[in-house]
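Before any comments, here is the structure.
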Protein chains: 2
Amino acid sequence: MVKFRSMSQDSVSAPTFSPLYRQIKTLILQGLEAGEWRPGELIPSETELALRFNVSQGTVRKAIDEMAAESLLVRRQGKGTYVASHTDAGPREAFRFLRLVAETGATETLQSVPLECWRAKAGHEAARTLGIAFGAPIIIVRRLLKFSGKPVVIEEIYLPGELFGGLDLEMLQAYQGQGSFYSLLETRFGVRMLRAEERIRAVAADPVNAKLLEVAQGTPLLSVERVSHTYGDRPVEWRQSLYSTATHYYSNELS
Amino acid sequence: MVKFRSMSQDSVSAPTFSPLYRQIKTLILQGLEAGEWRPGELIPSETELALRFNVSQGTVRKAIDEMAAESLLVRRQGKGTYVASHTDAGPREAFRFLRLVAETGATETLQSVPLECWRAKAGHEAARTLGIAFGAPIIIVRRLLKFSGKPVVIEEIYLPGELFGGLDLEMLQAYQGQGSFYSLLETRFGVRMLRAEERIRAVAADPVNAKLLEVAQGTPLLSVERVSHTYGDRPVEWRQSLYSTATHYYSNELS
DNA sequence: GAGTGGTCTAGACCACTGT
DNA sequence: CAGTGGTCTAGACCACTCC
């Protein structure tokens, strides 16, 4: 392996300096991206990777440390390092990106009810958000999330058609209870959501959504707009959700 | 220094095992808590701490790494390691816990307008949240935040009277433009907010707050309830905020 | 140039998981 | 038991900041 131990700062704009462990991180990332190791699988041991990349074990360790901090990998002492997955088991593990919590700390069942799934062409906003051409095919999913049987979230999900060709209502229904939506995208389409940004606002319930969420029309709801990204920070999901916050709240940690 | 390199698992409930670097971390934490180094100040170099604690520099490094990840310390290459502070300069640095962003990415001026500040006795909820006795003295601050001159946030802040005795409206007004609220608490009262939890809901604007935020009564607003903690995860601030999300949104990152 | 944090190495040993 | 990640050390050198 060729090591670029440093980069000179001769040029005007500064590429600055890239430590070895970041180069290793990039190499591991490429392996993940190329599907060399699939979600949930074990990656080679640190010593093995160190041999392969011809660096010390400590350097591999630091690369993996960063990736574990970003939830790309999961370390398990005594066993090895695994590729992070949205299909992990554990009720709260499975919905990694869902920050809704019951007012009463009670444990709840969470059920996803697919309502519709149709094909469309990307409008200006969807095209811009997803980084695809205006008019490019997209898939729109509409679904309801029920906490302990009560409807709490209604959402519309916009996906680039190019990546999720075969997705339809039937598939969504068939996947019921087998895992989260992202778990489906991961296992059926090989697209992994690594990071997401959310924009939260307060809006009034319109008649249609009010009925679905079983609240009065005009009830204040949380509007959560999410853009999820896969490798290379490529946006691959745009989602507009409405959260009913009568019995639940959006939980966030600051530091 | 006495090192407990491991703990046996003889007892039934498991204290498990505490690595050296965590013990070092605790020691540094104690120094911070005791005020040995104040916010914004430089702490001793890694080598010096290593000598003092009689461990290797790498072990100190790992302790500091964790504390930097938790925003307790800030490293600056070539200069040293500093105690993190809410008084840091930088417009977005100063309001570290504020996640509100303008719809248009434009940079804005942020102004805090103190409205009221009065003393009261803790009710059941405040007492429970702040971990103080029912009826214990508390201080309540009511203020408005203006972005580029427009009111966007109205909030009520509940503080334990024991810690913030001399806080009054005059002091709040005198501190205008000198830094954030937390910066004031830090410099005037020596209380540092390290971590906070937020619970977000959607509510309708009541007449009083609607007028202050210059929106119609009943307009959906973001209700953000925040509990901030200082050392030892001790809660020392309870805050109820209302965000107008017509021109701004609450921004969050998931991973 | 001296001092700081940042990187890299090599080797020893510990803790946890499976067989 | 062997294999994995986790900790700890000691030393070398690099990059950045300030005098």
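Atoms considered below: every heavy atom in the structure, side chains included; atoms not considered: hydrogens, waters and symmetry mates.
Judged as a side-chain hydrogen bond (donor to acceptor under 3.5 Å, both in side chains), and not counting sequence neighbours, A/Glu170 has no contacts. Legend: residues meeting side-chain hydrogen bond (donor to acceptor under 3.5 Å, both in side chains) with B/Arg143, ordered by chain and number and at least two apart, are B/Ser112, B/Glu155. Checked against salt bridge (charged side-chain N to carboxylate O under 4.0 Å, His left out), A/Glu103 has the following partners two or more places apart in sequence or in another chain: B/Arg201.
The shortest distance between side-chain heavy atoms of A/Ser228 and A/Arg239 does not fall below 4.5 Å.
Using modelled atom types and a 3.5 Å distance limit, the side chains of B/Asn252 and A/Tyr250 yield a donor-acceptor pair. Side chains of A/Ser183 and A/Gln178: a donor-acceptor N/O pair is absent below 3.5 angstrom, by distance only. Donor-acceptor pairing under 3.5 Å is lacking for the side chains of B/Glu225 and A/Tyr249. With 3.5 Å as the limit, one finds no donor-acceptor pair spanning the side chains of B/Thr129 and B/Tyr158.
Closest to the side chain of A/Val55, from the set C/dG6, D/dG6, C/dT9, is C/dT9. The listed nucleotides are C/dC8, C/dG6, D/dC8; the one nearest the side chain of A/Ser56 is C/dC8. Considering only the side chain of A/Leu20, C/dT9 comes nearest among C/dT9, D/dG5, C/dG6.
Rounded to an integer number of Å, the gap from CD of B/Glu48 to P of C/dT4 is 8 Å. If you take CD of B/Gln23 and P of C/dC14, they are 16 Å apart, rounded to a whole angstrom. Distance B/Leu49 CG to D/dT9 P: 14 Å, rounded to the nearest Å. Spacing between atom CG of A/Leu51 and atom P of C/dT9 amounts to 12 Å, rounded to whole angstrom units. As a whole-Å value, the separation of B/Tyr82 OH from C/dG3 C1' is 12 Å. Going from atom CZ of A/Arg61 over to atom C1' of C/dT7 covers 16 Å, rounded to whole Å. Distance, B/Ile43 CD1 to C/dT4 C1': 12 Å, rounded to whole Å. Per the geometry, CD belonging to A/Gln57 stands 15 Å off P belonging to D/dG3, to the nearest Å.
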Can you give each donor-acceptor pair under 3.5 Å made by side-chain atoms of residues 41-49 of chain B, sequence neighbours left out, with the distance rounded to 0.1 Å?
from: B/Glu41; atom 1: OE1; to: B/Arg38; atom 2: N; distance (Å): 3.2
from: B/Ser45; atom 1: OG; to: B/Thr47; atom 2: OG1; distance (Å): 3.2
from: B/Ser45; atom 1: OG; to: B/Glu48; atom 2: N; distance (Å): 3.2
from: B/Glu46; atom 1: OE1; to: B/Gln57; atom 2: NE2; distance (Å): 2.8
from: B/Glu46; atom 1: OE1; to: B/Arg61; atom 2: NE; distance (Å): 3.3
from: B/Glu46; atom 1: OE2; to: B/Arg75; atom 2: NH2; distance (Å): 2.2

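Using five terminal pairs a side, the axes of the helix from C/dG1-D/dC18 to C/dG18-D/dC1 at its two ends make an angle of 10°, given in steps of 10 degrees.
A heavy-atom distance below 4.0 Å to DNA chain C is reached by these residues of residues 63-77 of chain A, ordered by number: A/Gln77.
Heavy-atom minimum distance, B/Pro39 versus B/Arg192: CG-CD, 3.2 Å.
For the pair A/Ser45 and D/dG3, the criterion of a side-chain N or O lying under 4.0 Å from OP1 or OP2 is not met. When the side-chain nitrogen and oxygen atoms of A/Lys79 are compared with OP1 and OP2 of C/dG18, one or more of them lie within a distance under 4.0 Å. Neither OP1 nor OP2 of C/dT7 sits under 4.0 Å from any side-chain N or O of A/Thr59. For C/dT7, the OP1/OP2 oxygens have a side-chain nitrogen or oxygen of A/Lys62 closer than 4.0 Å. At the phosphate of C/dG3, neither OP1 nor OP2 sits under 4.0 Å from any side-chain N or O atom of B/Thr47.
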